[in-house]
Amino acid sequence: MNIAVIGAGYVGLTTAACLAEIGHGVVCADIDASKISQLNSGGIPFYEPHLLELVQKNRRSGLLRFTDRTEEAISNGSAIFICVGTPPLQNGEADMTFIERAARTICNEADSSRLVIEKSTVPVQTGRQLQKYFEIYRSRSSFRHDVVSNPEFLREGSAVEDFFHPDRIVVGCESEEAAKRMREIYRPLLDGTCLCPVHRSRHEGVPPPLVLTDINSAELIKHAANSFLAMKISFINMIADLCEAADADVEKVAQGLGLDRRIGPSFLRPGIGFGGFCFPKDLQAFVTIAAKFGCDFSLLKEVEQINLNRVERFVNRVKDELWVLRGKRIGVWGLSFKPETDDIRFAPALSIIRRFQQEGAEIQAYDPQAMTKAGSELHNVRFCENPYEAAAGAEALLALTEWKEFQEVDLSRVRSLMARPLLVDGRNMFCPEDIIARGFEYIGVGRRPLVRELTA
Ligand code: UDX
């Protein structure tokens, strides 16, 4: 099938490359001409494992093309995926400007009926709004643009893998014809015949279920999923606070909790909180949406507040240990909001760095991928070539993103470089006993601190 993808961001570019990989002809458009120029020169505008190879392979095969003219993509595709941003407005609502702009271009440019697929995370009843919009602005009354909700559940850092191994494919539509065409688009995944480019294997076992719903329900599934995942994280962080006060170990509590098959172990990792462009904004949007329908989602406001409190708690914990932060050299490992991405949007690490700078500390930082993007957001931070340089001369080393690289460093060398061998583990990525055995002091989250005590 010929497909148009509007938006070449984290979701749009991954969706376009993966749809081409399963055999569709895809034209991907973005209004950012520099992004399109980079894509047409063989690069990609952000780091995402396996995506560069997938884009290059499908560009070479001719199945994937890029343009900065949205109308060119629309004229190519009988199915149009809308993958544009829905950033938060000041009042927490999702900004629908880019969605409306895409809809307007479809009305002006489509020379026949189109299947219009919402991939972006949108407030419930957006699909209904789009259907009304198309009936008003379509260029011919004979055109019928069918709207479908097809939310994505891609995680940054594993987006390609998540596309080929989804837990489910959700499709919200109002006609059997639309459902039939969505089945056609995802057939290689639904019948398990496609080869996953990450594992170079076909889908083992049972292919993913297709969840066929009405549009409103599909739109709600996305917001509900992200909010529930964020709630699990804030829940374990709330428990971590109690563990610190009650002299317990949150990692053991999380293990005991997660073994309950009704709860599950995932998303129970305590730390400095969730970041990224999805959880923070989707939580705010969901609370606002619910309020518009007269529903009280205060629970999610607490989820957000618990998350925001992580930064202050972490800074104060270090301050308690270092006494005075002014003039102290602090090393930082990790800037991205999670490993395997260069994305720093809503990253707790940046908020923590800004707070230490407010206290007068001097920051030297290293991240395997995110320093370029972080350099445009942070000021007076010394960016280092490697983890050792970031530790040299530091009175404390803050481990803020659990990149695998940090768990492979030579800790004895790190200890010899530091002014004070204090490791503050914002993601509980290290084993305290190993750290202590190397001569460090150790502070984790929800764990017993192992620091030098005053001699009696
Ligand atoms: C999320 C959803 O997982 C995905 O389904 C949706 O499509 C987009 O939003 P993403 O934000 O890319 O994906 O990353 P995710 O792995 O969910 O992590 C989000 C944040 O939560 C990160 O900052 C991560 O460090 C944090 N996190 C995650 C925790 O603090 N503890 C955990 O146990 C898991």
Side-chain angles (χ1 to χ4, degrees), residues 9-12 14-15 18 46-49 51 83 85-86 118-122 150-163 165-170 208 218-219 221-240 250-251 253-255 257-258 263-286 303-304 306-311 313-314 334-352 367 370 399-404 406 425-429 444-446:
Y10 285 93
V11 173
T14 305
T15 300
C18 293
F46 50 83
Y47 174 73
E48 177 63 46
L51 188 57
C83 302
T86 53
E118 290 172 345
K119 181 62 82 174
S120 306
T121 303
V122 292
N150 173 222
E152 50 82 20
F153 302 96
L154 307 178
R155 292 166 296 165
E156 290 184 41
S158 57
V160 173
E161 201 170 352
D162 291 345
F163 181 96
H165 302 275
D167 291 333
R168 71 297 202 197
I169 294 174
V170 172
E219 290 166 335
I221 289 170
K222 172 66 184 179
H223 267 128
N226 272 8
S227 300
F228 188 86
L229 291 167
M231 183 174 69
K232 271 190 100 173
I233 296 167
S234 282
F235 181 83
I236 199 63
N237 281 329
M238 176 182 73
I239 298 293
V250 72
E251 295 299 333
V253 174
Q255 182 187 11
L257 210 54
I263 298 172
S266 62
F267 282 69
L268 286 177
R269 293 197 324 272
I272 54 176
F274 55 79
F277 200 57
C278 293
F279 285 177
K281 81 174 173 67
D282 287 359
L283 271 180
Q284 287 179 28
F286 212 19
V303 168
E304 188 183 21
I306 291 169
N307 195 58
L308 292 173
N309 295 343
R310 298 301 98 202
V311 170
R313 276 187 71 92
F314 183 86
L335 299 168
S336 59
F337 81 93
K338 64 181 285 193
E340 293 309 318
T341 181
D342 61 353
D343 196 350
I344 55 168
R345 294 175 295 179
F346 292 85
L350 271 61
S351 304
I352 286 170
D367 183 288
L400 302 182
T401 311
E402 64 278 28
W403 284 94
K404 196 166 167 34
F406 299 142
D425 188 355
R427 295 291 183 183
N428 287 357
M429 68 180 89
V445 174

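Read the numbers this way: they start at 1 and go in the same order the structure lists the ligands and their atoms. Remember, predicted model here, so these are calculated numbers, not experimental data.
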Is it the case that the side chain of [X] and the backbone of [Y] share a donor-acceptor pair, with hydrogens and angles ignored and the cut-off at 3.5 Å?
X	Y	result
Glu118	Asn150	no
Asn428	Gly444	no
Glu48	Thr14	no
Arg345	Gly276	no
Thr341	Gly157	no
Lys222	Phe153	no

Assess Gly275 for proximity to ligand 1: is some non-hydrogen atom of it under 4.0 Å away?
yes
Looking only at protein heavy atoms, identify the closest one to [atom] and say how far it is in Å.
atom	result
atom 21 (O) of ligand 1	Phe274 CB, 3.2 Å
atom 30 (O) of ligand 1	Arg427 NH1, 3.3 Å
atom 16 (O) of ligand 1	Lys338 NZ, 2.9 Å
atom 5 (O) of ligand 1	Phe153 O, 3.3 Å
atom 24 (C) of ligand 1	Phe337 O, 4.0 Å
atom 12 (O) of ligand 1	Glu156 N, 2.7 Å
atom 33 (O) of ligand 1	Arg269 N, 2.9 Å
atom 4 (C) of ligand 1	Leu154 O, 3.5 Å

Of the backbone atoms (N, CA, C, O) and the side-chain heavy atoms from C-beta on, which set of [X] has a member under 4.0 Å from an atom of ligand 1: side chain, backbone, both, or neither?
X	value
Arg310	neither
Thr341	neither
Lys232	neither
Asp162	neither

Compare Phe277, Tyr10, Phe279, Phe267 and give the one whose heavy atom is closest to atom 19 (C) of ligand 1.
Phe279
Taking atom 29 (C) of ligand 1 as the point of reference, which of Ile233, Leu229, Asn237 owns the nearest heavy atom?
Ile233
Give me the atom names and distance for the closest heavy-atom approach of Ala285 to His223.
CB-NE2, 3.9 Å
Correct closest heavy-atom pair for Ala347 and Ser336 would be CB-C, 4.2 Å
Check each atom of ligand 1 against the heavy atoms of Glu152 and keep those under 4.0 Å away; list them by number with element.
7 (O)
Proximal atoms of ligand 1 relative to Cys278 (non-hydrogen, under 4.0 Å):
8 (C), 9 (O)
Would you call the rings of Phe277 and Phe346 parallel, tilted or perpendicular, where under 30° means parallel and over 60° means perpendicular?
tilted
Taking the basic N atoms (NZ, or NE/NH1/NH2) and the acidic carboxylate oxygens, is any pair closer than 4.0 Å for Lys338 and Glu402?
no
When rounded to the nearest 0.5 angstrom, what distance separates CE in Met238 from CD1 in Ile306?
5.5 Å
Check whether any N or O atom of Arg155, backbone or side chain, sits under 3.5 Å from an N or O atom of ligand 1, and answer yes or no.
no
